[in-house]
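Residue numbers begin at 1 in each chain, while the letters A, B, ... track the order of the sequences.
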Amino acid sequence: MPAIVQLTNAVKEYPLGKLVVKAVRGVDLSIERGEFTAISGPSGSGKTTLLNLIGCVDVPTSGTVQIDGQSTSALSDRQLTDLRLHKIGFIFQSFNLINVLDVYQNVEFPLLLQGELSASDRKKRVEEMVEKVGLTTQIKQRPNELSGGQRQRVAIARALVTRPAIVLADEPTANLDSATGKAIIDLMKDLNHKEHITFIFSTHDANVTSRAGRVVRVVDGLLAQAAEHA
Amino acid sequence: MVLFTIAIRNLVQARRRSALLSLAIGLVTMLLVLMMALSAGINDNLVRSATIMSAGHINVAGFYKPTNAMSLAVVTDVGELRNIVEENTPNLDYTIDRMRGWGKLISDTGTVQTGFSGVDLADESHFLEVIQLAKESDYKDGGRDEIIGDPSQLAGGNTIMLFVNQARRLGVGVGDTLTIQTETVGGYTNTADVTVVAVARDVGLLSGFATYVPKQVLRDLYQLSPDTSGAVWVYLKDIEDADATMKHLRGVFEAKGYRLMDHEAVPFFMKFETVQGEDWTGQKIDITTWKDEVVMLTFVITAFDTVTVFLVSILVLIIAVGIMNSMWNAVRERTREIGTMRAIGMTRTRVLAMFLVEAFVLGLFATTVGATLGAATAFGLNALHINVPNDAVKAILLSDTLRMSVHVQSLFIAVGFLTLCTGLSALWPALRASRLSPVVALGHTE
Ligand SMILES: Nc1ncnc2c1ncn2[C@@H]1O[C@H](COP(=O)(O)OP(=O)(O)OP(=O)(O)O)[C@@H](O)[C@H]1O
Ligand SMILES: [Mg+2]
């Protein structure tokens with residue numbers, strides 16, 4: 001079975017006026033199903049860019065990114081969107097919930113975009129997921145009525161509700177205090193164990209990296225070393 | 001469905017902006033509804049006054065030329081014409097025939113130029129119903145505040161019924177005697193003395209040029225035989241059928257061997273010269289609709305509608321800019337949210353739909369409220385029976401009272417049109433929103 005994520009000499013350049021910024025400068029990376037991978041590195045090293053490439057919100061300037069054996073470069077915007085909708089879950093640094101929707105509706109949203117489940121199945125799935133992140137009593141509340149940790153739990157539920165192959169989290173704990181951040185990482189790890197979902201998250205917090213199954217260090221757009229933890 | 005929820009909640013979220021836009025859209029809708037109601041009211045007035053005084057829904061009239069150089073606006077053998085009409089008109093309500101004359105009406109103190117309609121009350125059951133009499137005080141200073149006179153006396157004798165404006169100009173009232181002076185074909189002047197038996201309320205501009213006398217009065221003045229009349233006025237069950245039925249009747253008369261004049265949308269009294277210049281003698285039939293006979297007045301409606309279109313277009317443009325601007329703001333404020341939705345797997349089309357739904361919901365809400373208020377205002381104004389004080393405005397409205405006519409159809413037009421405008425105004429910002437790249441949108445900070 002191919003790796004769920006396979007980057008081969010992936011390069012991402014951004015035009016910046018007359019200059020070209022090389023955000024990712026030739027990365028080879030392979031991530032297996034069920035891994036719990038941290039991408040660490042200093043600010044501006046290219047972590048977000050790397051996650052964008054893996055998350056199919058962006059395609060590489062050169063080299064290839066393969067998700068579940070499929071190269072993203074040749075895909076149309078619509079196909080990329082569909083790939084994201086079905087295979088990838090996103091967790092963001094600043095939660096990025098839809099403010100006008102309550103917890104239930106936020107979690108339900110990707111299922112509605114998929115339009116595949118019946119109303120009753122959807123309800124079951126959403127309630128199940130909300131329970132897993134421990135927000136059943138807050139299910140009718142809107143994001144602005146929740147704490148940061150609770151919001152990130154909603155985001156996790158939203159990312160997982162479609163049962164994606166990969167969940168990407170760009171600095172999921174950066175806007176949280178360390179205790180809450182730890183709880184969020186624990187929750188992710190727990191879900192990684194129980195549901196066998198591949199998690200890839202970026203961070204520059206050493207406490208967080210220490211809990212990862214594998215740490216990928218990025219420096220200046222390149223992988224520094226791949227340190228394996230037990 | 002979730003797009004509706006998002007749209008409505010975002011509109012509620014941006015309360016101030018939505019309220020302001022709704023107000024603007026609602027007011028324009030209200031204005032449009034009122035203008036359309038007024039236009040329809042004027043049209044109703046025109047139809048009413050035209051079909052009382054100038055024409056039936058359809059007229060079977062014509063010209064008789066005793067010699068090449070003479071023309072009379074009469075039809076001979078009118079009984080036969082009416083038979084043909086009655087046998088061949090689908091949707092017929094009833095027919096009458098009217099004689100028509102033109103001349104001077106002279107009192108001790110004044111003279112007016114006017115038309116004379118020769119009526120046969122025994123033949124016209126509706127005439128007394130549609131004519132509304134005026135109080136004496138309406139046309140006579142110090143007159144009684146009650147209706148005097150009796151139009152049924154038009155059944156015979158040398159009698160006449162005037163409209164208020166004429167009674168005023170002539171300084172006469174019921175019971176007074178006037179002299180009619182007309183010219184015959186031969187160029188002789190004939191006169192007849194008539195007694196005023198009733199004074200009717202004005203019905204717009206046309207009532208300045210209409211009076212009613214028994215047919216015999218006109219026959220005597222013009223020395224015509226009893227089976228001659230001016231025109232057969234045909235009333236249909238639905239005036240909307242007038243055009244089609246006119247065409248149908250043209251075919252019928254042609255098939256029966258009548259000579260027909262080409263259809264021309266002008267009143268009969270403007271056709272004398274043309275007819276006189278033509279090289280034929282005898283009878284020709286001319287079939288027209290009520291509109292043709294008052295074509296010079298339809299310009300009022302056209303002008304009014306033009307003003308409406310102009311005014312509403314300008315306001316719509318202004319509002320469109322407002323909507324566009326507000327949508328821009330919404331897109332800017334929600335850029336990161338758009339990025340999030342795109343990342344999660346929302347297609348461009350759906351992002352576009354999301355913003356358009358928002359605009360349509362706003363538009364539909366605002367226009368519905370506006371149209372409802374507009375209709376309510378129109379009904380309110382009607383109920384007040386506002387008398388128009390200004391003569392020029394009276395002339396434009398073709399009536400003495402303000403009359404609004406709200407058609408359900410025009411409400412739908414106003415709501416539909418302005419909702420569409422709202423949606424279209426949002427199209428550009430919505431398109432821009434849908435074309436945002438998710439990476440850029442996610443990186444957006446505000
Ligand atoms: N859209 C863009 N246009 C131009 N340059 C960009 C763009 N996105 C990222 N960059 C540049 O690419 C490099 C890598 O950025 P990236 O955001 O991937 O780093 P990061 O590791 O996520 O940093 P941080 O820890 O601050 O989030 C930086 O130098 C950044 O300035
Ligand atoms: Mg980053």
Side-chain angles (χ1 to χ4, degrees), chain A residues 12 14 23 48-49 51-59 76-102 104-116 119 122 142-144 155 158-162 164 167-170, chain B residues 1-18 326-327 329-355 357-359 361-362 365 430-446:
Chain A
K12 183 70 202 180
Y14 291 111
T48 299
T49 308
L51 285 177
N52 284 343
L53 291 179
I54 299 170
C56 307
V57 285
D58 217 343
V59 287
S76 69
D77 181 79
R78 191 165 203 115
Q79 289 168 315
L80 286 173
T81 306
D82 197 59
L83 191 67
R84 294 196 296 270
L85 179 59
H86 288 93
K87 294 229 162 118
I88 299 167
F90 288 89
I91 300 168
F92 303 91
Q93 177 178 336
S94 26
F95 325 129
N96 293 20
L97 299 174
I98 300 168
N99 284 320
V100 294
L101 299 182
D102 64 24
Y104 181 93
Q105 290 165 324
N106 262 288
V107 176
E108 188 189 29
F109 192 71
L111 293 179
L112 289 173
L113 291 181
Q114 285 186 339
E116 285 155 11
R122 212 164 53 222
R142 298 237 195 136
N144 57 6
R158 179 179 67 183
L160 285 156
V161 77
T162 57
V167 172
L168 302 174
D170 193 8
Chain B
M1 196 49 223
V2 73
L3 292 188
F4 272 101
T5 314
I6 292 176
I8 290 167
R9 293 201 180 157
N10 272 313
L11 288 171
V12 174
Q13 187 101 335
R15 234 169 256 113
R16 259 181 62 87
R17 191 159 65 200
S18 308
S326 129
M327 271 292 160
N329 286 336
V331 169
R332 203 168 33 236
E333 280 163 26
R334 280 151 62 190
T335 297
R336 206 158 58 100
E337 187 176 289
I338 297 165
T340 307
M341 289 170 160
R342 292 281 287 121
I344 287 175
M346 193 170 191
T347 56
R348 290 191 162 159
T349 322
R350 278 199 167 133
V351 173
L352 179 73
M354 180 169 73
F355 282 96
V357 164
E358 201 168 312
V361 166
L362 177 78
F365 166 77
L431 267 173
R432 288 291 296 263
S434 74
R435 289 184 196 282
L436 280 170
S437 119
V439 184
V440 173
L442 275 170
H444 187 91
T445 45
E446 188 162 327

Measuring only between side-chain heavy atoms, which start at C-beta, is [X] closer than 4.5 Å to [Y]?
| X | Y | result |
| --- | --- | --- |
| A:Ile98 | B:Met341 | yes |
| B:Val439 | A:Lys12 | no |
| B:Thr349 | A:Arg78 | yes |
| B:Ile6 | A:Phe109 | yes |

In Å and rounded to the nearest 0.5 Å, what is the [atom1] to [atom2] distance from [X] to [Y]?
| X | Y | atom1 | atom2 | result |
| --- | --- | --- | --- | --- |
| B:Leu442 | A:Asn52 | CG | CG | 7.0 Å |
| B:Ile344 | A:Asn106 | CD1 | CG | 8.0 Å |
| A:Leu85 | B:Thr347 | CG | OG1 | 9.0 Å |
| A:Asn99 | B:Asn10 | CG | CG | 8.5 Å |
| B:Thr340 | A:Arg158 | OG1 | CZ | 6.5 Å |

Taking the side chain from B:Arg348 and the backbone from A:Asp77, do they hold a donor-acceptor pair closer than 3.5 Å?
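No; zero donor-acceptor contacts below 3.5 Å.
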With respect to chain A, which residue among B:Met346, B:Arg9, B:Glu337 yields the maximal number of heavy-atom pairs within a distance under 4.5 Å?
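Top count of heavy-atom pairs under 4.5 Å with chain A: B:Arg9.
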Proximity breakdown for A:Ser94 and chain B, heavy-atom pairs closer than 4.5 Å:
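Both parts, backbone and side chain.
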Select one option (side chain, backbone, both, neither) describing which atoms of B:Arg342 are under 4.5 Å from chain A's heavy atoms.
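The answer is both parts of B:Arg342.
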